[in-house]
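Since the structure comes first, as structure tokens, the remarks are kept for the end.
When reading the values below, keep in mind they use all heavy atoms of this one structure, side chains included, and skip hydrogens, waters and symmetry mates. In listed order, ligands and their atoms are each counted from 1.
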Amino acid sequence: MFSFVSSSPVLKALVLPDVTFTGRKIGAGAYSSIEEVVLSGAVCAGKTFHVTLQDLSQLSRADVESATHQFIEELQLMSTLRHPNVVQFLGVCLEPDGSAHLPALVMERLTCSLHDLLETNPSYRAKPLVPLPIKCSILQNVASGLAYLHHRSPPVIHGNLSARNILLDSAGRAKIAEVCEAPFIQNMGTAATIAKASLYMPPEAFCSTLSSKETSKTKSVYSTSIDIFSLGIIAIFTLGEALPCEPLEPTYTDKESGLVKYCTELERRSHYLHPITDLLNQGHPLLTLIQSCLCNNPSERPTVDVVLVLTERAKSMCAGGGMNKLELIASLQSLPGNEVAALRARNHELQQELETCRAEKLKLEEQIVMKEAQLATAPESLRQVSCMVYTTM
Ligand SMILES: Nc1ncnc2c1ncn2[C@@H]1O[C@H](COP(=O)(O)OP(=O)(O)OP(=O)(O)O)[C@@H](O)[C@H]1O
């Protein structure tokens with residue numbers, strides 16, 4: 001087994017000495033699960049990577065070394081990040097049974113994800129749960145966290161920004177989670193395809209996935225404009241309270257000319273934009289934000305500074321317009337967000353168990369067929385003995 005801790009002084013320095021796993025599941029994603037942990041008496045969250053991601057036996061020694069090196073580099077970077085709108089990474093801890101290759105990541109514990117808030121809305125579709133001023137505040141918080149990341153030198157590209165990676169604290173403040181994890185996960189091979197939240201990805205990300213597999217250098221093909229596109233999708237989801245999950249096809253056939261034409265990314269999501277254009281006046285900063293973030297051409301998308309200005313303008317336009325943060329705090333606290341996340345985590349576990357059982361069942365059926373075939377071709381005397389053995393068992 002590859003020992004991360006003994007081989008890396010950097011990682012040794014990040015190991016937290018006093019962490020206890022409470023066994024309480026908080027949530028699960030494509031490649032990790034989140035559990036409650038107690039760090040020196042304070043309740044925090046611990047992230048453990050799924051076994052599939054930890055199965056380093058399928059990789060060559062060189063790949064294991066490069067993945068390990070990258071993992072440690074990302075952890076080191078994570079440990080330097082400090083911003084009110086970025087989930088605070090606190091350190092690492094080894095799993096209680098010591099069986100895992102990758103240490104668990106310990107971070108501050110938040111209330112629920114933006115995705116859970118919007119999806120578990122009890123009045124979903126009837127009337128919006130989250131008032132517009134709160135939505136503006138959430139988007140401004142995300143823009144602020146992203147500005148911090150993009151202003152680092154070199155810029156920190158999130159690469160997997162989604163409403164599941166935006167977490168809310170009990171005061172309704174939004175924070176960006178899973179910073180620095182995307183490059184490591186993507187370089188671990190097949191898990192990359194699972195981890196990628198394609199819904200939030202711009203068109204160029206799908207081309208860069210191919211080249212990143214060849215070069216194993218995710219960072220070089222990703223640019224900050226990927227995060228800007230994802231933020232545009234998050235804004236559509238937040239404002240419309242509907243995940244824009246089935247956009248139109250990227251091409252269509254023009255009825256008059258019969259020619260195949262391309263839709264813009266914005267046109268592809270037009271169905272989800274109607275409720276937003278009803279809600280916001282033409283020229284509203286958030287409408288401008290969505291329109292510019294979803295530009296097909298990455299170089300035409302705004303920088304994070306422009307995004308921040310637009311969200312701040314939207315936030316100040318809402319100030320005094322009946323903003324009721326207390327209302328949101330109350331609804332956040334009464335939300336079954338945590339329970340839903342825990343149930344989803346359990347569901348995910350059961351799904352995995354079910355798949356393992358199905359695979360075992362298939363194997364057993366194959367063995368039965370093989371044995372029956374062997375029995376059918378065996379001499380009569382052997383068959384009689386075999387039947388006697390089975391009937392006496
Ligand atoms: N620090 C945290 N505090 C509270 N809840 C958290 C925390 N981190 C994650 N969660 C919850 O756990 C869920 C799963 O998080 P995780 O990071 O494993 O995956 P994800 O972001 O949903 O998806 P993926 O891993 O596929 O990107 C989140 O959606 C959120 O509800």
State whether [X] and [Y] are salt-bridged, where the test is any N-O pair (Lys NZ or Arg NE/NH1/NH2 against Asp/Glu carboxylate O) under 4.0 Å.
{"X": "K47", "Y": "E35", "value": "no"}
{"X": "E204", "Y": "R301", "value": "yes"}
{"X": "E265", "Y": "R268", "value": "yes"}
{"X": "E108", "Y": "K175", "value": "yes"}

- Query: Okay, side chain of E372, backbone of V369: is any donor-acceptor separation there less than 3.5 Å?
  - Reply: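 Checking the backbone N and O of V369 against the side chain of E372, no donor-acceptor pair under 3.5 Å is found.
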- Query: For K135 and E241, what are the C-alpha separation, side-chain angles and deciding distance, and is it a salt bridge (charged side-chain N to carboxylate O under 4.0 Å, His left out)?
  - Reply: CA-CA 10 Å; K135 290 175 173 173; E241 294 190 8; 3.3 Å; yes
If we only count N/O pairs under 3.5 Å, is [X] in contact with ligand 1?
{"X": "V87", "answer": "no"}
{"X": "D116", "answer": "yes"}
{"X": "R109", "answer": "no"}

Please confirm whether [X] approaches ligand 1 to less than 4.0 Å, judged on its heavy atoms.
{"X": "C112", "answer": "no"}
{"X": "A177", "answer": "no"}
{"X": "H115", "answer": "no"}

Under a 4.0 Å heavy-atom limit, does [X] contact ligand 1 with its side chain, its backbone, both, or neither?
{"X": "S32", "answer": "both"}
{"X": "L167", "answer": "side chain"}
{"X": "R164", "answer": "both"}
{"X": "A28", "answer": "backbone"}

Do [X] and [Y] meet the criterion of a side-chain donor-acceptor pair at a distance under 3.5 Å?
{"X": "H151", "Y": "D305", "result": "yes"}
{"X": "R173", "Y": "S137", "result": "no"}
{"X": "D116", "Y": "S113", "result": "yes"}

As an exercise, identify every atom of ligand 1 less than 4.0 angstrom from a heavy atom of [X].
{"X": "M107", "answer": "1 (N)"}
{"X": "N160", "answer": "27 (O)"}
{"X": "I26", "answer": "4 (C), 5 (N)"}
{"X": "A45", "answer": "1 (N), 2 (C), 3 (N)"}
{"X": "N165", "answer": "21 (O)"}
{"X": "K47", "answer": "17 (O)"}

- Query: If you count the non-hydrogen atoms of other residues, nucleotides and ligands that lie under 6.0 Å from CD in E365, is the total more than 12?
  - Reply: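 For E365, atom CD is crowded (more than 12 foreign heavy atoms under 6.0 Å).
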